[in-house]
Structures are given as structure tokens and as C-alpha cells.
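Data block below; observations after.
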Amino acid sequence: MSSDAISFALNSPGYLRFPSTRILAESFDRVGGHVETLPTGHLVFYRPDGRRFLAADPAGHPLHECEWESTGAEIVSLKRARVRLDWGRWIGIKPCGLVNETGLNLTSRPNWQRITRDDLRAMAAGALRVPIEEVRWFYRDEDLAIDPKGIATIRQRKDALYVLDGGGFDTMRFMACMGAMHWDQIDFLPVVELFKSLLPGTGSAVFELIRGLYDDQNKGRSAPRVLRYRGIPTYPSEAAFRLFAAFFTPQPLDNEDPLTAFMNPSTSHRIAWLPAQDLPVRYFDESQGLCLTVKNGTVQKATLAEDPTGLPYVSSIGRPVLPLDRSLRVEGSRLILRDRETEISLPLNPDLLVRPSPPDECPVSPVDWRTVFVEGVPKIPAAEAFEAVPLFPEDDAEISELAAQPFVADYLDDLEEQDHEVGRLRSEAGRVCIANGDAVISTCIRFDRPRDYTVNVRYFAYAQRQAQQVWTQCAEVQRWDWLKRIRMVATDTWEEPLASRELYDLIYQWLPYDLFDSSTTMRTIVARLSHMLRRGGNAFVVGPVHLGGHLAQDRSRLLVHRDQSVASLPTVLMHKTILPRARLKPGLTLFHVGRL
């Protein structure tokens with residue numbers, strides 16, 4: 001145990017942000033706090049009552065911080081926590097930070113005076129098609145109330161995840177939520193909602209905390225507590241399975257492969273998870289802006305905080321394809337980071353005991369993801385690259401332009417399965433333009449056959465993230481020739497004279513919010529749209545409701561097949577089941593337009 005590392009962790013400015021933990025650090029030895037050194041050298045700092053308040057790597061760099069509070073007689077609960085991501089950003093966790101209330105009038109039901117809390121749970125279980133045990137798990141007696149007038153109040157509690165802009169809770173942005181954990185007794189694996197909003201590395205950093213608390217709570221037990229995946233409903237995915245399996249081991253279910261059983265929503269909650277023996281652990285090297293993830297002596301991942309791609313480097317061991325052509329290897333005392341033909345050599349901490357890497361047998365792909373940018377990838381600040389995910393406000397603040405785009409793109413994907421005409425026109429389109437849809441480019445690109453795509457880019461960090469996703473989808477089907485037919489161009493380049501424009505079979509266009517109030521701009525956009533579409537072509541356009549009047553004025557060339565309020569789309573209504581106060585820009589409308 002290094003006393004220097006302990007002092008460094010407790011006394012370095014900014015490492016402890018909660019008032020109670022700073023006070024505890026100042027009197028750590030006097031009040032009976034203690035430190036445990038794990039076999040990997042990592043440090044865990046405990047309060048006098050045995051609850052952890054800080055975890056750090058062997059050098060004392062913080063990994064997570066916990067603040068506890070007394071909530072009743074001999075009851076101590078987690079008040080909030082911070083977890084550090086590989087690239088330095090801090091994420092906050094507020095237990096029960098998101099509480100939604102629903103009112104239900106029971107007076108129309110026979111004998112409503114006899115309705116009990118369990119009756120309410122049974123109604124919810126029937127409506128949600130989940131076992132009543134799951135409803136009982138998440139809806140405690142204090143969450144259900146029936147007043148004398150027959151009005152039932154149902155409270156839904158969720159743990160909220162926040163981006164902490166300054167490292168603390170003073171300035172925070174809502175990011176996602178998950179089933180309300182029992183932090184004082186970890187007893188299930190949670191469903192994360194709005195998972196597409198998670199910043200890179202959030203899942204593993206949060207599970208590092210969950211596993212740490214779980215281990216604390218299982219000390220001295222004859223057998224560790226069995227965990228199960230719980231949620232209303234569950235959303236099983238391979239990504240969730242891989243995350244869980246990094247920290248816990250799934251037990252076979254009726255001799256069925258655990259992944260197969262997990263991917264079935266009817267059986268995913270039945271799988272028993274027990275603590276894994278070998279855990280991924282992280283090491284920070286702040287002088288190099290580097291974070292390493294190591295498991296069983298093998299470096300699995302390396303992240304540079306100032307990397308403008310917003311991507312980690314990963315081990316090639318056991319991979320048929322290198323994610324985004326980025327790999328790492330250990331040679332002697334050095335770490336070699338490779339991005340296609342470019343290599344970076346960094347010295348490793350001599351105290352870090354890791355195995356040398358075997359020969360790299362995973363080939364580089366034929367096409368670099370960057371080639372989709374016609375003029376090359378613009379310079380993007382690393383923080384913007386890592387944070388290029390849609391964030392939604394938890395209150396009634398207006399949802400941003402970029403965050404609103406997935407509602408339409410996902411709706412069109414769903415509509416294609418229900419409306420054969422929409423499916424036909426999207427399938428038959430050979431030349432497609434995506435304009436200002438920087439958060440949903442990969443959703444608008446189909447991977448069933450080769451097509452020519454021109455993508456008008458405005459927000460480069462989001463477009464870069466989408467280009468990486470498009471590369472990943474091409475890698476899955478091994479069709480690199482399709483990737484070569486995708487061209488991303490900056491807005492200034494794309495806005496060229498009408499006479500030189502190409503004609504498109506299909507256009508997806510999101511009008512920038514800052515142009516909504518300009519009638520002149522609306523007329524110009526309609527004129528461009530009619531010149532860019534071939535005869536018989538179609539466009540899905542998102543803009544202000546009054547855009548419909550401008551489209552109607554060009555009846556000789558354009559026909560509005562339908563218009564829909566974006567706020568009424570099923571994808572938005574589904575989102576409001578998570579965040580009921582969600583609010584879009586007033587009048588935001590989706591138009592389906594055809595070229596005559």
C-alpha cells in the first residue's frame with residue numbers, strides 16, 4: 001500500500017467533490033476511516049461504518065465517489081455518486097432522481113372502495129404484460145396511494161444519470177435513467193432507458209461502481225447474492241449482455257446458451273448472474289492523457305483523452321474485424337496504438353504488470369471510415385467527438401434540433417414495415433440525399449444493396465460519429481464497395497448553383513431551426529427541393545408547419561402526400577412514457593413530398 005497514493009487520492013484538488021467526503025478526507029485517520037488495497041493495487045476508501053466513499057487506481061487517480069446520507073433510524077442510503085469516464089468526463093448518478101406521477105380515476109370501476117395496492121399492481125402487470133412480481137419489485141407501497149375520492153396516484157421512481165460539466169452536480173445535464181437500484185443492497189441488474197444517449201464508456205464505469213458496492217455487501221456471506229436482469233419491460237441486447245458479462249457470469253438456463261436465453265425477453269430475467277472472477281480494471285496516466293482497461297493481465301482498451309476521433313483503441317485478440325481499424329499491442333515496456341497505418345508509441349508505467357501482445361492477425365479493412373468525408377475529416381475538439389450523442393431534457397425545456405432528429409428517422413424505419421408504398425420508394429431509391437440529419441445519418445442509410453448517398457453535413461462531431469457507425473454496419477456485411485458510394489460534404493460545398501445539382505430519387509431533409517422564421521429561406525428551400533428531385537422522386541422534409549403553405553404554392557412540381565406533427569409520432573409518444581414533460585419545438589412537422 002502506497003501512503004503517497006493514499007494522500008494523493010484524498011488531498012488532490014478536485015478529486016473529492018462532495019462536502020461530506022471532503023470533510024471525511026480531512027479527518028480520515030481520526031474518525032476511523034480505512035483503506036483496502038485490492039490484489040490489482042487499486043484503492044478503496046471506507047467510512048467508519050464500512051461504506052465506500054472513494055475508489056482509485058493504484059496511483060490514487062479517482063474512479064468513483066459516493067455520498068451517503070441517513071434517511072431514518074439506522075438507515076443509510078446512497079445520496080448520489082460520481083463515476084469517471086475513460087476520457088476524463090464525470091457522470092453523476094442520483095438515486096430516484098427521476099420521479100414520474102400518474103393519476104388514475106378508479107370510481108368508474110365496480111366496488112372501487114375495495115381496490116388495494118396489489119390490485120393496482122395487477123392492473124399494471126396486465127397492461128404491461130409483465131409478471132406481477134416485477135411490478136411489485138419496482139412499485140413499493142409508498143409509491144401507490146388511493147385517496148378517499150377514488151383517485152389513485154402512482155409514482156414511478158428511476159435513478160437518473162447526468163453529465164457533470166464541471167465534474168460536480170452544480171452544472172449537470174440529464175443523460176439517461178435506469179431502474180431504481182437498491183444501492184445499499186445490490187440485488188438486480190438494471191435496464192437503462194435512453195441508452196443511445198449514454199456517453200462512451202458510461203456503462204462500464206457505472207458497472208465498476210455497481211460491482212464494487214456488490215462486493216462490499218457480500219463480504220462474509222457464505223454465498224454471493226444471485227442477481228437477475230429486471231425492468232418493466234426488459235430490453236435485452238448483445239451490448240447489455242457483454243456489459244453484464246464483464247462483471248458477472250451468467251449461469252446456463254435449462255442447458256441453453258446464456259446469450260440465447262438472454263436475448264429472449266421472456267427468459268432474460270430468469271438467468272442467474274454471479275460475480276465474475278476476473279474483472280476489468282482501469283489505470284489512469286494523467287501525464288499522457290491515457291486510460292488503460294486491463295483484464296487478467298491483458299490490456300483490453302486504451303483511450304486518449306485528446307483523441308479527436310472520440311474512439312478507444314482495442315485489443316485485436318479474438319476479433320474477426322478491428323473496430324474502426326484501431327488496435328493496440330504491448331511490446332516490452334511500451335504500448336503501441338495503431339490507427340490503420342499510423343502508430344503511436346507510449347511508455348508504460350513500470351509498475352503495471354501486463355502481458356506482451358501476441359502477433360496481430362486481424363487485418364486492416366480495405367476502406368477507412370474517414371473516406372466518406374469528401375474534403376477530409378474537419379478538426380473536431382476531442383470533447384465534442386466523445387460527446388456527440390443526443391441528450392434530452394428531463395423537464396419541459398425544448399428538445400434540441402439534433403436530439404429531435406431520431407424521432408423522425410426511427411418513425412420512418414417503423415413506417416416502412418407498415419406502409420408498403422413507403423417501403424417501396426425507400427427500397428427502390430438509387431440516389432439518396434440526406435440534408436442536415438447529422439444525428440441520424442446511419443439510420444437513413446440502408447444496407448440491402450448499393451446506393452449513392454450524398455450527405456449534407458452541418459454538425460461535424462455528430463457526422464463523424466455517424467460515419468463511424470456506417471463503417472461498422474458495412475463491416476458487418478463486408479460490403480466495402482457500398483461505403484465508397486457514401487459522400488459527406490460540408491453545407492457550404494453542398495449549396496452550389498441549382499443548375500449543377502444532381503437529381504435524387506429520395507431526399508431526407510431537416511431544416512435548421514434558425515431558419516424557421518424566414519419566409520424567404522422557406523421559398524428558397526422549396527425551389528431547391530423541386531430542382532433536386534427527379535420526376536417521381538420523393539422527399540421527407542422536417543420543418544415548421546407553415547412550410548406546408550410554401551410547398552402547396554409549387555403545385556406544378558411538388559405534391560404533399562402527407563404532413564404529420566412530429567409531436568404526435570409514436571416514437572415521441574414512446575419517449576414521453578420515460579420523460580412525460582418532453583416538449584418539441586412548436587409546429588415541428590414531417591412532410592412527405594413527391595415530385596410531379
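Counting begins at 1 with the first residue of the sequence.
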What residues, two or more places apart in sequence or in another chain, satisfy ring pair (Phe, Tyr, Trp, His ring centres under 6.0 Å) together with [X]?
| X | result |
| --- | --- |
| His592 | Phe540, His561 |
| Tyr513 | Phe516 |
| Phe460 | none |

Pair listing, side chain to side chain donor-acceptor pair (under 3.5 Å) test, anchored in residues 200-211, at least two apart = Glu208-Arg282, Arg211-Asp215

Hey, could you give me each pair passing side chain to side chain donor-acceptor pair (under 3.5 Å) that has a residue in residues 330-339? Not counting sequence neighbours.
->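 Qualifying pairs, neighbours excluded: Arg326-Asp339, Arg329-Glu331, Arg334-Ser345, Asp339-Arg370.
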
Please tabulate, for side-chain N and O atoms in residues 573-584, each donor-acceptor pair with protein atoms closer than 3.5 Å (sequence neighbours left out).
residue, atom, partner, partner atom, Å
Thr577, OG1, Met574, O, 2.4
Arg583, NE, Asp396, O, 2.9
Arg583, NH2, Asp396, O, 3.4

Would you mind listing every salt bridge (Lys or Arg N to Asp or Glu O under 4.0 Å) that reaches into residues 469-486, with sequence neighbours excluded?
->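 Listed once each, the pairs are Asp452-Arg485, Arg479-Asp481.
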
Name each donor-acceptor pair under 3.5 Å that joins a side chain in residues 290-297 to protein atoms two or more places apart or in another chain, with its distance.
none

Results of salt bridge (charged side-chain N to carboxylate O under 4.0 Å, His left out) for Glu416 - residues two or more places apart only | Arg426, Arg446

Sorted by first residue and then second, give each ring pair (Phe, Tyr, Trp, His ring centres under 6.0 Å) pair with at least one member in [range]; sequence neighbours left out.
| range | value |
| --- | --- |
| residues 461-489 | Trp471-Trp480 |
| residues 280-327 | His42-Tyr283 |
| residues 355-376 | none |

